[in-house]
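Comments concern the structure below.
The sequence lines fix the lettering, A, B, ..., with proteins before strands; numbering per chain opens at 1.
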2 protein chains.
Amino acid sequence: MSIRKEKKAQTRSALLNAALQLVKEGGNFATISIREIAKQAGIVPTAFYRHFKDTNELGLNLVDELSACLRQLVRSTREESTSNSKIINNTVHVLDEYIQNHRELFMFMTQGRTGGTPEIRKAIRNELNVFSLEIVSDLAQQQSFPAMNSAQLKMVTDLLVSTITYSTTDLLDLQENTVLKTERLTLLKQQFRVIALGAAEWRTQ
Amino acid sequence: MSIRKEKKAQTRSALLNAALQLVKEGGNFATISIREIAKQAGIVPTAFYRHFKDTNELGLNLVDELSACLRQLVRSTREESTSNSKIINNTVHVLDEYIQNHRELFMFMTQGRTGGTPEIRKAIRNELNVFSLEIVSDLAQQQSFPAMNSAQLKMVTDLLVSTITYSTTDLLDLQENTVLKTERLTLLKQQFRVIALGAAEWRTQ
DNA sequence: ATATTCAGTGAACGCCTGAAGACTGAAAGA
DNA sequence: TCTTTCAGTCTTCAGGCGTTCACTGAATAT
């Protein structure tokens with residue numbers, strides 16, 4: 001890559017990271033201004049426009065980062081799930097790790113899904129759907145619920161994704177290594193078990 | 001009530017409704033300004049301070065309105081649930097009705113839970129917990145899951161509330177009387193069934 | 001009847017915002 | 001080598017923001 005393109009890519013990345021940093025520091029993405037982002041990225045406000053039309057466009061690019069993160073999360077969970085009995089515990093453990101290490105992205109996700117622009121809401125909804133479909137694919141391959149057809153598996157997996165997303169909001173507000181945090185993770189594991197039991201019992205119609 | 005106090009209460013109510021109206025019109029509560037709210041309420045910006053210190057304090061009062069709404073929702077669902085077989089369909093139907101008729105409040109709830117100030121997030125989390133506890137009380141009384149102790153019932157009900165909250169965000173973005181909307185309601189009903197099946201199968205440890 | 005209270009007014013403040021436009025200087029291309 | 005491209009700079013603008021303060025006038029209290 002040419003020097004110019006490389007430097008541009010660097011600044012662009014700095015802008016995306018700046019926005020995430022501001023979200024991480026407690027800001028709501030919807031309230032973050034172009035000037036704040038530029039300042040955090042170490043450039044002048046007007047240079048922002050060389051990369052994005054507005055914060056909405058930047059947000060859509062953050063959804064792409066989120067997409068990559070969720071994809072990696074699915075892969076990590078798949079690789080981690082060796083023993084079939086502890087699959088729930090492993091999944092929750094990996095999820096917790098990802099939420100901690102990508103706090104900013106998950107905060108952006110939960111905020112954006114409910115309070116973003118219509119475009120951003122749609123993009124995140126779409127990413128969560130892809131996320132769900134990838135899990136469906138894995139569950140189908142592992143024959144976790146052999147009695148279910150793919151539509152039924154999707155319905156159950158959507159419930160899993162719903163539960164994960166809701167729990168993420170709670171987990172993001174709990175400090176590490178506290179009783180409350182541990183209890184919340186235990187709750188999530190139990191809820192996964194309920195869903196798994198229900199899915200195993202599912203009979204058509 | 002004296003004339004003065006009555007008029008003050010009216011203006012206060014107008015401010016709360018103005019904020020909700022702005023949320024309903026697509027604004028994110030976090031981005032709504034004092035001046036916008038005052039304008040929508042038909043008063044001068046500075047008069048806002050006669051009622052609330054800032055938008056955060058107003059938001060906390062909106063949580064109280066949300067609280068009342070959720071309480072009423074529980075009551076309506078309880079009264080509606082006559083036939084035990086159709087309880088899930090009735091519950092989803094009542095929920096859908098409430099989301100339609102109190103759009104603004106549910107939008108405020110989903111936005112505030114993920115993107116509000118720490119105070120508002122906490123207040124909404126608390127309301128949802130109370131909501132869950134009320135449902136637990138109902139389920140216990142109806143002996144829906146006789147094998148479960150109250151802690152287990154709470155765990156399952158939290159899953160129900162999680163599912164409701166997540167679905168609410170989706171439902172708020174879908175137009176009435178469309179295929180997608182109907183499908184989303186069907187999905188929710190099926191997920192309720194999975195949870196109910198799982199809860200019935202739950203064995204300790 | 002007179003004095004006090006107080007919800008709502010209106011002007012003013014300094015600050016931050018998104019955006020437009022002319023400019024700079026190093027990299028890319030001829 | 002000379003010209004062009006273009007990411008980033010600097011200045012400037014109008015407009016919205018939260019907040020202050022002195023004020024008004026009707027409701028209340030004495």
Handout entry: Protein-nucleotide distance (B/Leu22, atom CG; D/dG16, atom P), rounded to Å
Key = 15 Å
Handout entry: Separation of C/dT5 C1' from B/Ile3 CD1 (nearest whole Å)
Key = 15 Å
Handout entry: Pair B/Arg121-B/Thr117, side-chain donor/acceptor within less than 3.5 Å
Key = no
Practice task
Find the distance B/Phe48:CZ to D/dG16:C1' and express it as a whole number of Å.
Solution key: 16 Å
Practice task
Provide, to the nearest angstrom, the distance between the NZ atom belonging to B/Lys39 and the C1' atom belonging to D/dC17.
Solution key: 13 Å
Practice task
Take A/Thr46 and B/Arg4, find for each the nucleotide of DNA chain C with the closest heavy atom, and name the residue whose nucleotide sits nearer the 5' end.
Solution key: B/Arg4
Problem - Charged tip of A/Arg113 within 45° of B/Tyr166 ring normal and under 6.0 Å - result: yes
Exercise for the section: Check the side chains of B/Glu119 and B/Asn56 for a donor-acceptor pair under 3.5 angstrom, ignoring hydrogens and angles. Expected result: yes
Handout entry: Length of the CD1-P vector between B/Ile37 and D/dC17, whole Å
Key = 10 Å
Exercise for the section: Give a yes/no verdict on a cation-pi contact between A/Arg103 and A/Tyr98, requiring under 6.0 Å between NZ or CZ and the six-membered ring centre and an angle within 45° of the axis. Expected result: no
Practice task
Nearest whole angstrom, please: distance from the P of D/dC17 to the OH of B/Tyr49.
Solution key: 11 Å
Exercise for the section: Mind checking A/Thr11 for me? I need base, sugar-phosphate or nothing, with any heavy atom below 4.0 Å counting as a touch. Expected result: sugar-phosphate
Practice task
For A/Glu57 and C/dG18, give me the distance from atom CD to atom P, rounded to whole Å.
Solution key: 15 Å
Exercise for the section: Using distance alone, with no hydrogens and no angle criterion, decide if B/Gln21 and B/Glu104 have a side-chain donor and acceptor under 3.5 Å apart. Expected result: no
Exercise for the section: Identify whether any heavy atom of A/Gln10 sits under 4.0 Å from a base atom; if not, whether one sits that close to sugar-phosphate; answer base, sugar-phosphate or nothing. Expected result: nothing
Exercise for the section: Check the distance between D/dA14's P and A/Arg35's CZ and give it to me in whole angstrom. Expected result: 15 Å
Fill in the blank from the handout: Whichever of B/Arg50 and B/Asp54 has the more 5' nearest nucleotide on DNA chain D, that residue is B/Asp54
Exercise for the section: Indicate whether OP1 or OP2 belonging to D/dA7 is found under 4.0 Å from a side-chain N or O atom of A/Lys8. Expected result: yes
Problem - Comparing B/Thr55 and A/Arg12 on DNA chain D - which has the more 5′ nearest nucleotide - result: A/Arg12
Problem - Contact under 4.0 Å: B/Ser2 side-chain N or O vs D/dA27 OP1/OP2 - result: no
